[in-house]
Amino acid sequence: MTAETSQTLDRGLRVLKLLADTDHGLTVTELSKKLGVNRTVVYRLLATLEQHALVRRDLGGRARVGLGVLRLGRQVHPLVREAALPALRSLAEDLGATAHLTLVDGTEALAVAVVEPTWTDYHVAYRTGFRHPLDRGAAGKAILAARRSALAEPGYTLTHGELEAGASGAAAPLLGVTGVEGSVGVVLLTDTVPERVGHRVVEAAKEVAEALR
């Protein structure tokens, strides 16, 4: 900790991170051990976070992330979209294809940012807000591939005709971005995807990940 930071706020944020990393919640004793502070401090932290609905405690006394984080989460997509747009614009113009940033939303893939090329005669229409199952389309499959393999370096995923007849997709996962699970990809009106497209999508995914760190 430095003189410019708040120890109490730091501890509160650490509590939220610890709770976010568990599915079954944590007790006051468990949090006390993980934070290295006494139980009285943990009780005060939880009481404050509960007042803001960021934490809830069940009948057994285990603390869990509260629904209040959803209100904060709604503001994440615009920030992520803004950070990703420069890389998406470059990708779309370079390949003459519709570029998109897709994030996980429950069991679905959700397009949160889409950029269409300006110089092509025609391209695939792909809109912000478009949803599809994670196991269909390049965007979702790239995310699932990253989950399975825990890649240190991203590869890319190719699909054809899974979401739109005659359209192919290429996507690469976002890696190393805490709290964000997603992919960057393009949609093209072609039966086969040139190898260059896959490599360019990987580059764009790295650029977006760097912008979000």
Side-chain angles (χ1 to χ4, degrees), residues 1-88 100-114 127-134 139-140 142-144 146-147 150 173-184 205-213:
M1 299 292 293
T2 66
E4 292 79 17
T5 60
S6 165
Q7 184 181 61
T8 301
L9 178 58
D10 177 74
R11 286 172 173 170
L13 293 173
R14 288 170 63 196
V15 166
L16 288 176
K17 289 179 180 179
L18 288 170
L19 296 180
D21 288 337
T22 178
D23 294 327
H24 51 76
L26 294 170
T27 66
V28 170
T29 299
E30 290 169 336
L31 284 168
S32 175
K33 290 179 180 179
K34 289 178 179 295
L35 293 172
V37 299
N38 63 52
R39 290 162 54 90
T40 302
V41 172
V42 175
Y43 275 117
R44 288 201 298 264
L45 291 171
L46 291 178
T48 302
L49 292 169
E50 279 187 294
Q51 287 181 349
H52 295 277
L54 297 175
V55 164
R56 63 182 176 85
R57 278 183 276 186
D58 61 25
L59 295 178
R62 303 187 76 85
R64 304 171 188 269
V65 174
L67 294 178
V69 299
L70 295 178
R71 290 194 293 273
L72 299 177
R74 293 191 190 104
Q75 303 306 313
V76 171
H77 284 179
L79 295 174
V80 173
R81 183 184 306 120
E82 182 177 350
L85 282 177
L88 293 181
H100 55 85
L101 169 68
T102 298
L103 300 182
V104 172
D105 188 22
T107 60
E108 295 182 312
L110 171 65
V112 299
V114 176
R127 297 288 178 260
T128 300
F130 178 64
R131 294 174 178 271
H132 60 84
L134 281 173
I143 295 168
L144 293 178
R147 285 181 181 179
L174 295 176
L175 299 179
V177 184
T178 303
V180 176
E181 189 178 23
S183 65
V184 171
K206 290 180 178 179
E207 292 172 13
V208 172
E210 185 63 31
L212 293 174
R213 292 192 185 111

Task: Non-neighbouring partners of His132 that pass ring pair (Phe, Tyr, Trp, His ring centres under 6.0 Å), sequence neighbours left out - done: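 His132 satisfies ring pair (Phe, Tyr, Trp, His ring centres under 6.0 Å) with Phe130 once adjacent residues are dropped.
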
Please identify each residue that fulfils side chain to side chain contact (heavy atoms under 4.5 Å, CB included) with [X], with sequence neighbours left out.
{"X": "Arg44", "value": "Thr40, Val41"}
{"X": "Lys34", "value": "Leu18, Leu26"}
{"X": "Val65", "value": "Leu19, Ala20, Val69"}
{"X": "Leu9", "value": "Ser6, Leu13"}

Mind listing the closest non-hydrogen atom pair of [X] and [Y] along with its distance?
{"X": "Leu174", "Y": "Ala209", "result": "CD2-N, 4.0 Å"}
{"X": "Ser183", "Y": "Ala139", "result": "OG-O, 3.0 Å"}
{"X": "Val55", "Y": "Ala63", "result": "CG1-CB, 4.1 Å"}
{"X": "Ala83", "Y": "Ala211", "result": "O-CB, 3.7 Å"}

Go through the structure and list residues passing side chain to side chain donor-acceptor pair (under 3.5 Å) with [X], not counting sequence neighbours.
{"X": "Thr128", "value": "none"}
{"X": "Thr102", "value": "His100"}
{"X": "Thr29", "value": "Arg39"}
{"X": "Glu210", "value": "Arg213"}

Identify every side-chain donor-acceptor pair in residues 103-113 under 3.5 Å, counting partners at least two apart or on other chains, and give the distances.
| from | atom 1 | to | atom 2 | distance (Å) |
| --- | --- | --- | --- | --- |
| Asp105 | OD2 | Arg131 | NH1 | 2.7 |
| Asp105 | OD2 | Arg131 | NH2 | 2.8 |
| Glu108 | OE1 | Arg131 | NH1 | 3.2 |

Task: Separation of Leu212 CG from Glu82 CD (nearest 0.5 Å) - done: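 Answer rounded to 0.5 Å: 11.0 Å.
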
Open item on the list: What's the separation between atom OH in Tyr43 and atom CG in Asn38, rounded to the nearest 0.5 Å?
Closed with: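 Those atoms lie 11.0 Å apart.
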
Task: Stepwise side-chain contact (heavy atoms from CB on, under 4.5 Å) test for Thr8 and Leu45 - done: CA-CA 8 Å; Thr8 301; Leu45 291 171; 4.1 Å; yes

- [ ] Among residues two or more places apart or on two chains, list those pairs meeting salt bridge (Lys or Arg N to Asp or Glu O under 4.0 Å) that have a residue in residues 55-65.
- [x]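 For residues 55-65, and leaving out neighbouring residues, the salt bridge (Lys or Arg N to Asp or Glu O under 4.0 Å) pairs sorted by first residue read Glu30-Arg62, Glu50-Arg57, Asp58-Arg64.
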
